[in-house]
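What follows is one structure encoded as structure tokens, with my remarks underneath.
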Amino acid sequence: MTDASTPLIVGSVTGRFDKADHASRSDDDLLAGLNPPQLEAVTYRGPALLIVAGAGSGKTSVLTRRIASLLRSREAWPSQILAITFTNKAAGEMRERVRSLIGDRAEGMWISTFHSACVRILRREAQQFGFTKSFTIYDSGDSRALIKRLVKEHEGDAFGLTPAGTQSRISKLKNELADAESYARQANMSDPVERVFVEIFGAYQRELQKANAFDFDDLIGQTVYLFRAFPHVADQYRRRFRHILVDEYQDTNHAQYALIHELTRPIGSDAAPVASSGGMMIFEPEPVGEDAASLTVVGDSDQSIYAFRGADIRNITEFERDYPGAKVVLLEQNYRSTQNILSAANAVISNNFDRKEKRLWTDVGAGEPIIGFTGYSQHDEAQFVADEIESLHKTGVDYSQMAVFYRTNSQSRALEEIFIRSAVPYKIMGGTKFYERAEIKDALAYLVAVANPADEMALRRILNRPRRGIGDVTETSIARYAADQQITFRDALANSSALGVGPKLQAAIAQLDAILAEATAIMLPSTGELAPPTAVAEGLTLLLNKSGYFDALRRSRDPQDEARLENLDELVAVTREFARNNPEGTVIDFLSEVALVADADDLDDASGSVSLMTLHTAKGLEFDAVFLTGVEEDLIPHRISANEPGGPAEERRLFYVGITRARKRLYLSLAMTRAQFGEVTVAMPSRFLQEVPSELIDWRQSPGDVNSRGGSRSRALNARPSGGSDSGSWGSKRYGDDLAPKSTAIDKFPNRIPAKVRDNGDLVLASGDRIRHDDFGEGRVDAVTGEGAKRVAHVRFDTVGAKKLLIKIAPIAKI
DNA sequence: TCAGGCACCGTTTTT
DNA sequence: CGGTGCCTGA
């Protein structure tokens with residue numbers, strides 16, 4: 001569909017781009033099948049381009065074709081392209097798709113996450129500012145452990161500072177590019193809590209530096225610092241990357257924004273007035289000079305779901321201000337979902353005010369209705385999901401084309417139990433992570449101890465793993481000796497006889513020192529020779545064998561230790577795999593890779609099974625059938641979000657992301673009761689349910705059925721109030737910042753869900769009992785199932801037939 | 001030093 | 001409920 005009237009080339013800025021015209025001719029296959037806005041997004045050439053890409057609008061396709069077209073027309077060498085994605089998986093996919101478009105010419109591009117790209121830059125430049133190229137990366141677990149120690153040392157708990165709270169505050173500040181000093185300058189330092197916090201923040205940063213380590217936030221922040229402090233270094237990268245493309249731009253935080261900003265400055269523009277006021281870096285919007293790299297960003301502010309982690313939606317909403325003259329292309333046609341699904345999505349998201357109007361549409365037709373289901377308990381809900389999956393499977397839908405989403409990881413358990421029982425093959429994405437398991441962290445700590453001897457945390461971790469009899473006391477004497485002698489903790493181990501500990505301990509320490517040295521010889525041979533590709537695998541095996549780690553697990557009679565051994569075997573397998581893929585990869589490269597992978601990366605293994613994941617993990621994926629479970633108040637929107645500014649709106653976007661993952665079928669389900677930490681609580685339908693136009697939902701069992709108020713009109717659950725204005729009122733009715741009192745939303749259910757739930761206490765029913773129901777009249781109990789608050793009576797009513805009732809809350813009485 | 005028992009606690013999302 | 005941290009006794 002080549003539209004001759006659509007200008008292929010818009011506003012080329014320099015002579016360099018003139019080849020694009022020639023390019024467009026040879027690019028027919030790249031442009032085939034694109035709609036006009038997509039075409040423009042691929043072919044526009046200019047300093048800055050914002051592609052507002054609604055869900056399912058083909059943005060990955062557009063992005064990859066844009067890259068391919070730049071390369072094929074020789075407007076850019078692969079090495080001049082920097083494409084940033086949010087996850088490793090997305091990066092891999094993009095690389096693959098570009099390769100399939102233009103083949104090996106794709107070699108040499110940087111397609112990676114922010115974090116990986118920064119690691120690559122920092123490895124090269126670290127020695128410029130007090131780190132070495134063998135720095136290690138602290139994941140959030142590592143940094144939490146360090147912060148925990150520091151909070152304790154500074155007695156932060158006496159000031160109400162918790163490790164978790166301190167960690168998240170530090171992280172937020174780093175995302176704003178603040179450091180301890182700049183924060184201290186604008187904080188209220190007469191507040192003792194603030195003083196202690198600043199102390200801990202500062203100490204944390206010194207410890208990281210001492211350990212030659214960066215945490216996740218530092219990877220970005222320190223790269224920005226590097227570029228600002230060393231303009232000539234920044235210029236090298238500005239000269240190199242001529243085309244910068246950023247995916248999921250709505251999820252960038254301030255530090256990431258600043259990084260992109262630094263890279264897209266004109267070369268040699270080191271004047272860079274960096275005003276720091278209260279930790280916030282202020283930029284004057286400056287015209288992008290001719291020499292600046294061209295920037296393409298893709299995003300959808302309706303899918304911004306990481307504000308809690310510092311993502312700043314303004315980065316995308318104010319793109320045109322930041323990059324004056326930027327071209328904006330809007331992709332609204334959806335190629336993924338049916339119209340029913342899109343209508344639901346549009347209706348829900350239109351309740352967020354202060355957003356740019358955008359309406360997804362498709363030409364594939366209405367499709368199936370959305371199916372709703374309300375279970376008595378989360379098990380009941382899970383059973384429905386399992387049954388439905390089975391019947392879809394029978395009609396030919398592959399398991400791998402179905403997914404179940406939930407808001408919190410803990411919800412996966414109930415689903416899992418039922419799936420196992422129902423023999424539904426499933427795979428949980430995310431969840432407990434391989435690289436966060438204790439034995440894996442131990443093994444990696446051994447590698448870190450070799451790769452980065454400055455990293456004291458890693459050494460302390462393995463000091464007594466397996467048990468060597470080295471406890472707190474001994475650990476402290478090693479640390480003290482190191483401090484006295486002004487040597488590192490690692491070097492102190494080599495002097496075990498001087499530590500003033502008993503002979504047994506001396507031997508244990510000397511033994512540890514020896515195997516670390518031996519592993520170092522294998523993995524990091526000194527005299528310039530290259531370590532063989534297998535070095536990491538060999539070194540790791542040696543460490544685990546000679547340290548006695550394997551033996552300890554084998555000897556153990558804890559049944560879990562068998563699984564731990566298997567996990568370690570798998571880790572060794574990972575090192576082999578790494579060696580195959582990176583023949584020249586060092587142990588340091590291996591550790592970087594491992595630190596930066598998320599578990600979403602095993603997505604490929606999901607073939608043949610249903611995918612279970614959180615709504616956050618679901619972003620960017622799509623499935624034929626999607627089950628969105630736990631659509632309840634306090635879950636989505638999550639109760640914690642209620643007090644956060646913009647929280648409810650973000651929850652709505654999360655719900656929207658979930659809906660828009662579905663291609664053909666969407667199920668919305670909830671439970672009337674939900675057990676959390678051992679207690680059964682009564683759940684209420686989410687306000688978002690009511691935002692979905694009622695005619696789109698086909699309720700198999702509505703909330704009304706289950707709590708038996710107005711159950712006879714179940715389909716009418718979210719029918720509009722009679723007499724009220726019709727469809728027009730949906731999009732325009734807005735509650736302040738979504739903070740409308742919960743009851744308002746609930747009251748709008750015509751057959752209202754009681755805000756105060758009736759409680760029948762310990763009403764005991766047995767089969768054969770006669771009962772009277774407020775709405776259904778009299779009936780006879782056939783059976784009672786379930787336990788405690790979840791007991792369900794199966795009742796045959798004289799007039800309305802069989803119903804299942806939750807005994808605890810149904811409006812019933814024994815006759 | 002360390003295993004085991006017990007109390008308590010917090011409960012979201014993750015590169 | 002499950003994990004963590006603290007305390008005890010050996």
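Chain identifiers are assigned alphabetically (A, B, ...) following the order of the sequence lines, protein sequences preceding nucleic acid strands; residue numbering begins at 1 within each chain.
Within the nucleic acid shown, A:Arg413 comes within 4.0 Å of sugar-phosphate atoms alone, with no base atom in reach, counting heavy atoms only. Using a 4.0 Å heavy-atom distance criterion, A:Thr474 is classed as a sugar-phosphate-only contact.
Rounded to an integer number of Å, the gap from A:His379 NE2 to C:dC1 C1' is 12 Å. In this structure, A:Arg674 atom CZ and C:dC1 atom C1' are separated by 15 Å, rounded to whole Å. The nearest whole Å value for the distance from the NZ atom in A:Lys172 to the P atom in B:dT14 is 15 Å. The distance from atom CG of A:Asp251 to atom P of B:dT15 is 11 Å, rounded to the nearest whole Å. At whole-Å resolution of the value, CD in A:Gln303 and P in B:dT14 are 16 Å apart. Rounded to whole Å, atom P of B:dT14 lies 13 Å from atom NZ of A:Lys89. Atom CD in A:Gln250 sits about 15 Å away from atom P in B:dT15, given to the nearest Å. The interatomic distance linking A:Arg144 (CZ) with B:dT14 (P) rounds to 13 Å, in whole Å.
By the 6.0 Å contact criterion, CD on A:Glu562 is open, its count of non-hydrogen atoms from other residues, nucleotides or ligands being 12 or less. Heavy-atom contacts from other residues, nucleotides or ligands closer than 6.0 Å to CG of A:Asp472 number 12 or fewer.
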Enumerate the protein-to-nucleotides 6-13 of chain B contacts in which both atoms are nitrogen or oxygen and the separation is below 3.5 Å.
residue	atom	partner	partner atom	Å
B:dT12	O2	A:Arg407	NH1	3.3
B:dT12	O2	A:Arg407	NH2	2.5
B:dT12	O4	A:Glu644	OE2	3.2
B:dT13	OP1	A:Asn409	N	3.0
B:dT13	OP1	A:Asn409	ND2	2.8
B:dT13	O4'	A:Arg407	NH2	3.4
B:dT13	O2	A:Arg407	NH2	3.0
B:dT13	O2	A:His616	NE2	3.2

Any N/O pairs under 3.5 Å between the protein and nucleotides 2-4 of chain B? List them or say none.
residue	atom	partner	partner atom	Å
B:dC2	OP1	A:Gly469	N	3.4
B:dC2	OP2	A:Asn464	ND2	3.0
B:dA3	OP1	A:Arg467	NH1	3.2
B:dA3	OP2	A:Arg467	NH1	2.9

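When each of A:Ile244, A:Ile81, A:Ile121 is paired with A:Trp110, the side chain to side chain contact (heavy atoms under 4.5 Å, CB included) condition holds for A:Ile121 and for no other.
By the side chain to side chain donor-acceptor pair (under 3.5 Å) test, A:Asp251 is found to be paired with A:Lys619, residues two or more places apart in sequence or in another chain being considered. Residues forming a ring pair (Phe, Tyr, Trp, His ring centres under 6.0 Å) with A:Tyr306 (at least two apart in sequence, or on another chain): A:Phe86, A:Phe308, A:His616.
At a threshold of 4.5 Å between non-hydrogen side-chain atoms, the residues A:Asp589 and A:Phe578 count as touching.
Sorted by first and then second residue, the ring-ring contact (aromatic ring centres under 6.0 Å, His included) pairs with a member in residues 627-653 of chain A read A:Phe627-A:Tyr667; sequence neighbours excluded. The stretch residues 459-468 of chain A participates, sequence neighbours left out, in these salt bridge (Lys or Arg N to Asp or Glu O under 4.0 Å) pairs: A:Asp442-A:Arg461, A:Asp442-A:Arg465, A:Glu456-A:Arg460, A:Arg460-A:Glu475.
Between B:dT13 and C:dT4, the two C1' atoms lie 22 Å apart (nearest whole Å).
Checked for salt-bridge contact, A:Arg407 and A:Glu632 miss the test: no charged N lies under 4.0 Å from a carboxylate O.
If A:Asp472 and A:Phe216 are placed on DNA chain B by their nearest nucleotide, the residue sitting closer to the 5' end is A:Asp472.
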